[in-house]
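The analysis underlying the following values was restricted to heavy atoms, covering all of them including side chains, and did not include hydrogens, waters or symmetry mates. Order of the sequence lines fixes the chain letters, A, B, ..., with proteins taken first and strands second; residue numbering starts at 1 for each chain.
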Amino acid sequence: MSEQSPSETSHTNATDAPPHRYTAALAQEIELAWQERWDAERTFETPNPTGLLGDPELAAARGEKLFVLDMFPYPSGAGLHVGHPLGFIGTDVYSRFKRMTGHNVLYSMGFDAFGLPAEQFAVQTGQHPKITTDQNVATMRRQLRRLGLSHDPRRSVATTDPGYYRWTQWIFNQIFGAWYDTELDRARPIAELIAELESGARPTPDGRPWAELTEGERRDVIDDRRLAFVGDAPVNWCPGLGTVVANEEVTADGRSDRGNFPVFKRNMRQWVMRITSYADRLIDDLDTLDWTDAIKTMQRNWIGRSSGALVHFGSPAGPISVFTTRPDTLFGATFMVLSPEHPLVDALTTPEQSLAVAAYRRAAIIKKDIERQDEGREKTGVPTGMSAVNPVTGADIPIWIADYVLMGYGTGAIMAVPSGDQRDFEFAGKYGLEIPAIQQPPATWFAAHDIESTLDTARWPVAFVGDAPYVNSSNESLDLNGIDSVAEGVRLTNEWLEANGHGEATITYKLRDWLFSRQRYWGEPFPIVYDDDGRPYALPDEMLPVELPDTTSFSPRTFDPDDEFSDPESPLDRLESWVNVELDLGDGRKWYRRDTNVMPQWAGSCWYELRYTDPTNDQAFVDPAVEAYWMGPRTDVRPDHPGGVDLYVGGVEHAVLHLLYARFWHKVLYDLGHLSSKEPYARLFNQGYILADAYKDEREIYIDAFDVEERDGAYYHDGRPVTREWGKMGKSLKNAVSPDEMYEAYGADTLRLYEMAMGPLDASRPWETRDVVGMYRFLQRLWRAMVDETTSEIVVVDEPADDETRRLLHRTIDTVRREMDALRFNTAIAKLIELNNHVTKLDATPREVAEPMVLMLAPLVPHVAEELWHRLGHDETVTYTEFPVADPALLLDDTVEYPVQVNGKVRGRITVSVDADRAAVEAAALADAKVVAAIDGAVPKKVIVVPGKMVNVVV
RNA sequence: GGGCGAGUGGCGGAAUGGCAGACGCGCUGGCUUCAGGUGCCAGUGAGGGCAACCUCGUGGGGGUUCAAGUCCCCCCUCGCCCACCA
């Protein structure tokens with residue numbers, strides 16, 4: 001039975017739509033069939049140039065390499081909503097487009113599956129996190145496949161797979177086995193440091209010959225230099241989570257990023273990575289990256305490089321160093337302020353002041369940052385009773401403590417220059433401290449503050465900051481008076497400080513070293529054991545991976561969130577039989593204790609893009625030739641191209657954490673000679689978010705957004721008024737739309753098309769379910785233009801297209817190619833709809849238009865495009881079919897229409913030959929009846945002709 | 001307080017300094033239908049006019065230009081990031 005009769009149709013179809021209309025049911029049928037065929041034919045497998053996935057001939061035939069990457073997801077148990085795959089659809093469209101324009105595209109998807117949520121879910125349900133994680137990964141793979149994403153399935157990785165984290169541990173050992181050579185400005189293997197120490201080329205810290213050091217002393221010297229080391233340093237202890245966390249995971253109000261528990265600064269022995277050694281390179285190499293300025297600025301601010309000077313002030317407790325960006329204002333430093341946590345506070349406090357100081361310190365420590373903010377910027381502090389000596393004036397200046405000076409930045413102490421710093425100015429004003437003028441502000445400054453020009457600072461409303469001549473700024477050997485440049489003042493002061501041993505120019509960073517250990521279960525174990533003296537040893541490669549031991553006791557020990565003095569306890573500590581291990585590390589069999597920390601969740605995401613390139617390699621984390629092929633520097637793109645992924649798409653929320661850590665690891669691996677690329681991500685594109693309305697009732701509780709009714713601009717739920725707000729789509733706001741609903745109603749191609757059409761990829765935009773139907777109608781019109789809805793026969797004709805249609809086709813090809821290349825899919829879609837709307841009006845669709853139209857749509861709606869391509873008589877997948885190329889001859893018409901403006905307003909339009917010269921265009925414009933009427937007899941002063949664009953007559 | 005970005009119809013959004021509002025939603029009218037829906041066709045920035053057309057119009061105010069949504073200055077609003085960083 002090949003034909004259906006009309007009568008059958010009306011009985012079998014409740015909606016009496018024609019039997020072969022492009023409906024949701026047909027879309028689903030097409031989509032599932034093609035997804036199966038792609039799998040069966042291994043359509044999206046991408047050849048490497050060599051190695052296990054190597055096929056050099058196919059790789060060459062596919063064309064130029066292109067590596068397209070998504071930020072890989074965390075496989076949560078909640079399932080996807082339509083907001084999640086926005087970026088994935090974008091990269092898929094781009095990858096498919098690039099395959100059709102002669103590129104060998106690496107495109108894969110992995111899962112960032114270690115971390116707290118899986119563990120917390122496991123604790124709640126009693127299910128082992130491995131089980132729930134595997135289930136979630138499987139679910140997510142299925143959901144992503146249903147969208148038709150063209151990933152190479154062989155290259156998918158999960159960070160929790162021992163075959164993957166074996167290499168995460170191996171990289172850790174590389175970092176552990178490296179030190180930073182500040183002269184060569186790169187990391188080097190620790191063996192080279194030992195060789196230099198042994199030969200005497202590099203002196204030991206205390207100058208004694210290497211041979212005279214005991215074995216223990218040697219280990220201390222070496223361990224002190226490692227890029228990954230166990231340090232006893234102030235860390236962020238979060239009792240509520242039962243683990244320490246990195247600075248980057250602590251919010252501005254001193255709470256944990258996850259869980260929102262209080263975080264306390266405590267000294268503890270923890271793993272630390274020396275990311276600060278790379279601070280300059282992490283800033284400087286941003287210039288070589290094709291990233292948005294917004295993200296680059298965030299990274300620069302986070303690293304927070306500022307140049308200035310360390311100045312040493314004499315005091316009864318010895319020299320106190322302060323950091324300042326304005327050493328030139330030293331003559332105006334009339335007091336000094338220490339942070340309440342500063343180690344010298346006790347030594348600098350007189351007995352008379354000790355009660356007041358102790359009370360203030362206690363209050364400062366208890367006060368949470370959030371309370372400090374509540375109090376606004378009102379400065380508080382107490383004097384210690386002692387004084388320091390200002391090195392340029394020789395004057396005794398009082399030492400205060402105040403909580404506006406932070407222990408975590410600079411040296412935790414400042415020189416206070418009240419006339420040149422607003423905070424110091426406020427503090428001095430409050431406590432009646434001296435405010436000598438050291439610069440003569442310009443008249444404009446006084447005018448702006450509406451006061452007369454005076455050096456009486458008591459009448460200034462604010463401190464002065466900027467270039468202005470110095471006054472009161474000289475001693476016997478340094479004279480800044482009259483100089484009106486801050487840069488020059490800084491230079492002269494720094495010279496003087498260094499010459500007189502009172503200080504030196506220096507650079508300070510906000511970036512701290514990276515706290516790398518966590519007292520949790522669901523993470524990568526450290527490949528480290530300790531001997532009886534507590535010294536760490538990296539396990540040799542052949543003992544990797546150190547598998548996460550199976551246990552039912554994976555709950556972390558958490559504490560009362562406010563119990564600052566609790567101590568972390570790793571779940572792995574409880575596994576005595578795993579912790580104690582007998583090994584031969586080249587020194588005979590001995591007992592060791594394993595490290596019981598796990599790595600932070602960021603570890604696995606620091607290098608996953610590298611593993612995509614060579615996922616099955618069990619000899620190396622990546623074959624150097626494979627890495628060089630996919631990620632090597634592209635000097636053809638720009639001379640200082642650092643290499644890396646060609647396009648990385650993800651949300652802006654990873655601006656500092658993941659993107660900084662991954663760059664750091666990549667640079668270490670580059671320094672150690674394992675990589676050809678200096679950076680992991682050459683180009684970064686931040687996609688927007690899908691937003692949706694969310695509604696709260698009177699109790700401020702979110703209510704299901706789909707039960708809300710709108711009446712006259714107000715919103716109601718069960719008849720009661722609710723308030724509308726705006727947020728990211730998600731379960732917590734109760735406004736998530738599932739992709740399954742969209743497949744059911746329209747199919748995956750419509751969903752893909754809608755997400756790409758709703759706006760530019762980098763902009764956030766609101767989800768509107770009712771708008772989706774527009775793209776569905778477009779696909780129906782497309783289908784109808786090629787397939788008879790009653791008979792399912794192809795209705796494309798072989799007669800040539802008329803001239804107008806052909807020209808429109810080629811203009812569309814020209815634009816769509818450019819727009820897709822620039823990731824502007826929304827405008828590409830608009831052009832394709834225009835073309836289709838034109839084709840719809842023709843009596844029949846010419847093949848010469850139908851085929852390129854299908855090919856142009858293939859990246860966006862791959863299933864329906866494959867189906868139409870197949871029905872048009874092609875056996876091969878569209879995936880590697882060449883994308884249409886516009887014929888330049890058809891981009892220009894024989895005639896061109898010019899709007900004619902009179903004084904900037906359009907008054908008429910003329911049509912002239914495309915090769916009419918300026919004079920001819922002008923003559924035609926001035927002859928146009930409407931233009932003549934608008935000019936109304938006046939003599940044109942000037943006629944501007946913009947060739948191909950327009951004419952403007954000025955009268 | 002600092003940095004970055006954005007303000008265009010009822011809505012999402014288009015516009016290398018050169019015809020503002022492409023494309024889609026919604027809305028209005030029509031065709032199809034017993035009907036509803038679906039589908040199709042046409043119209044749709046505001047105001048005026050029977051009409052051809054005219055006037056106004058891209059957050060507000062100034063400026064540059066033959067020409068400004070676009071460039072410059074000031075202001076307002078919103079979003080994001082950082083925030084007593086010495």
Side-chain angles (χ1 to χ4, degrees), chain A residues 13-18 21 23 252 292-298 300-302 304-306 308 322-326 329 337 339 369 372-373 375-379 402-406 408-417 420-424 426-427 508-510 652-653 655-656 713 726 753-754 757-760 762-778 780-781 784 789 824 826-834 836-837 840-841 897-909 930 940-946 948-955:
Chain A
N13 198 320
T15 61
D16 65 63
R21 174 165 288 172
T23 58
T292 62
D293 287 336
I295 299 281
K296 289 186 183 184
T297 305
M298 281 186 227
R300 282 195 196 96
N301 289 345
W302 189 265
R305 175 163 67 189
S306 51
V322 304
F323 174 75
T324 175
T325 55
R326 291 291 304 277
T329 62
V337 186
S339 158
D369 290 339
R372 291 189 188 180
Q373 283 178 349
E375 288 169 27
R377 289 172 186 255
E378 177 74 10
K379 304 276 181 295
D403 63 9
Y404 80 91
V405 176
L406 309 173
Y409 182 74
T411 64
I414 61 158
M415 64 181 212
V417 183
D421 181 285
Q422 185 58 27
R423 293 155 300 178
D424 299 343
E426 287 167 20
F427 192 81
T508 284
Y509 304 89
K510 278 193 260 180
V652 72
E653 72 271 19
V656 286
W726 203 222
L753 199 57
Y754 171 65
M758 63 199 289
D762 55 359
S764 293
R765 46 303 207 7
W767 176 268
E768 286 292 352
T769 296
R770 82 177 180 189
D771 287 1
V772 178
V773 72
M775 295 300 115
Y776 181 60
R777 287 179 191 150
F778 164 50
Q780 285 189 333
R781 287 198 298 275
R784 191 180 303 120
E789 293 190 328
R824 288 193 293 262
N826 54 329
T827 49
I829 291 166
K831 292 293 172 192
L832 287 163
I833 293 174
E834 275 182 274
N836 188 55
N837 286 348
T840 304
K841 292 183 180 73
E897 192 190 62
Y898 282 83
V900 183
Q901 298 180 337
V902 176
N903 288 338
K905 282 183 181 156
V906 179
R907 296 299 178 180
R909 41 193 78 238
K930 284 176 185 161
K941 288 189 194 128
K942 199 170 172 186
V943 179
I944 290 133
V945 177
V946 185
K949 288 281 183 194
M950 63 177 316
V951 180
N952 191 6
V953 181
V954 186
V955 293

For the [atom1] atom of [X] and the [atom2] atom of [Y], what is their distance to the nearest 0.5 Å?
X: A:Thr508; Y: A:Arg305; atom1: OG1; atom2: CZ; result: 12.0 Å
X: A:Met775; Y: A:Ile833; atom1: CE; atom2: CD1; result: 4.0 Å
X: A:Lys949; Y: A:Ile944; atom1: NZ; atom2: CD1; result: 16.0 Å
X: A:Asn826; Y: A:Arg765; atom1: CG; atom2: CZ; result: 7.5 Å

With rounding to the closest Å, how many angstrom separate the [atom1] atoms on [N] and [M]?
N: B:rG59; M: B:rG9; atom1: P; answer: 8 Å
N: B:rC66; M: B:rG61; atom1: C1'; answer: 24 Å
N: B:rA14; M: B:rA6; atom1: P; answer: 12 Å
N: B:rC40; M: B:rC54; atom1: P; answer: 36 Å
N: B:rG3; M: B:rC73; atom1: P; answer: 14 Å
N: B:rG69; M: B:rG21; atom1: C1'; answer: 11 Å
N: B:rG62; M: B:rG1; atom1: C1'; answer: 28 Å
N: B:rC76; M: B:rU28; atom1: C1'; answer: 37 Å

Protein-nucleotide distance ([X], atom [atom1]; [N], atom [atom2]), rounded to Å:
X: A:Lys379; N: B:rG1; atom1: NZ; atom2: C1'; result: 11 Å
X: A:Tyr898; N: B:rA67; atom1: OH; atom2: P; result: 20 Å
X: A:Arg21; N: B:rU38; atom1: CZ; atom2: C1'; result: 7 Å
X: A:Met298; N: B:rC82; atom1: CE; atom2: P; result: 8 Å
X: A:Lys905; N: B:rU55; atom1: NZ; atom2: C1'; result: 8 Å
X: A:Asp293; N: B:rC81; atom1: CG; atom2: P; result: 18 Å
X: A:Ile414; N: B:rA86; atom1: CD1; atom2: P; result: 11 Å
X: A:Asn903; N: B:rA68; atom1: CG; atom2: P; result: 11 Å

Excluding sequence neighbours, so at least two apart, what forms side-chain contact (heavy atoms from CB on, under 4.5 Å) with [X]?
X: A:Gln422; result: A:Phe425, A:Glu426, A:Val462, A:Ala463
X: A:Thr827; result: A:Glu819, A:Arg824
X: A:Asn903; result: A:Val954, A:Val955
X: A:Arg784; result: A:Arg21, A:Gln780, A:Arg781, A:Glu789

Sort by first number and list every stem of RNA chain B: at least 3 consecutive Watson-Crick or G-U wobble pairs, both distances under 3.5 Å.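 Paired runs of 3+ in RNA chain B: B:1-7 with B:76-82, B:10-12 with B:23-25, B:26-31 with B:39-44, B:45-48 with B:53-56, B:59-63 with B:71-75.
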I'd like to check the salt bridge (charged side-chain N to carboxylate O under 4.0 Å, His left out) partners of A:Arg909; sequence neighbours left out, ordered by chain and number.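 If we apply the salt bridge (charged side-chain N to carboxylate O under 4.0 Å, His left out) test to A:Arg909, skipping adjacent residues, the hits are A:Glu897.
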Counting only side-chain heavy atoms from C-beta out, which of [options] sits nearest to [X]?
X: A:Pro766; options: B:rG13, B:rG39, B:rC41; value: B:rG13
X: A:Phe323; options: B:rC40, B:rA86, B:rC84; value: B:rA86
X: A:Thr297; options: B:rG3, B:rC66, B:rG12; value: B:rG3
X: A:Pro760; options: B:rG12, B:rC84, B:rA14; value: B:rA14
X: A:Leu406; options: B:rC66, B:rC85, B:rC81; value: B:rC85

Return the set of residues passing ring-ring contact (aromatic ring centres under 6.0 Å, His included) with A:Tyr898 (not counting sequence neighbours), or none when no residue passes.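 Listed in chain order: nothing, the list is empty.
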State which residues pass ring-ring contact (aromatic ring centres under 6.0 Å, His included) with A:Tyr776; sequence neighbours excluded, sorted by chain then number.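 If we apply the ring-ring contact (aromatic ring centres under 6.0 Å, His included) test to A:Tyr776, skipping adjacent residues, the hits are A:Tyr746.
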Touch class at under 4.0 angstrom, heavy-atom based, for [X] against every strand present:
X: A:Lys510; value: base
X: A:Thr292; value: nothing
X: A:Lys841; value: sugar-phosphate

Hey, does the side chain of A:Arg300 come within less than 4.0 Å of B:rC82's phosphate (OP1/OP2), counting only N and O?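 Answer no for this pair, as no side-chain N or O of A:Arg300 is under 4.0 Å from OP1 or OP2.
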Between A:Arg907 and B:rC54, is there a contact of a side-chain N or O with OP1 or OP2 at under 4.0 Å?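 Yes, A:Arg907 has a side-chain N/O under 4.0 Å of OP1/OP2 on B:rC54.
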Checking understanding here: a glycosidic angle within 90° of 0 is syn, the rest anti, so what is B:rG5?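 Nucleotide B:rG5 adopts anti.
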Can you label the angle between the A:Phe427 ring and the A:Tyr404 ring as parallel, tilted or perpendicular, going by 30° and 60°?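 The arrangement is tilted - the two ring planes meet at 30° to 60°.
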What one-letter contact string describes nucleotides 17-28 of chain B from 5' to 3', where B marks a base within less than 4.0 Å of any protein heavy atom, S marks contact via sugar-phosphate atoms alone, and - marks no contact? -BB--BSBSS--
When you measure only distances, ignoring hydrogens and angles, does the side chain of A:Lys941 come within 3.5 Å of the base of B:rC66 through a donor and an acceptor?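 Checked by distance alone, the answer is no.
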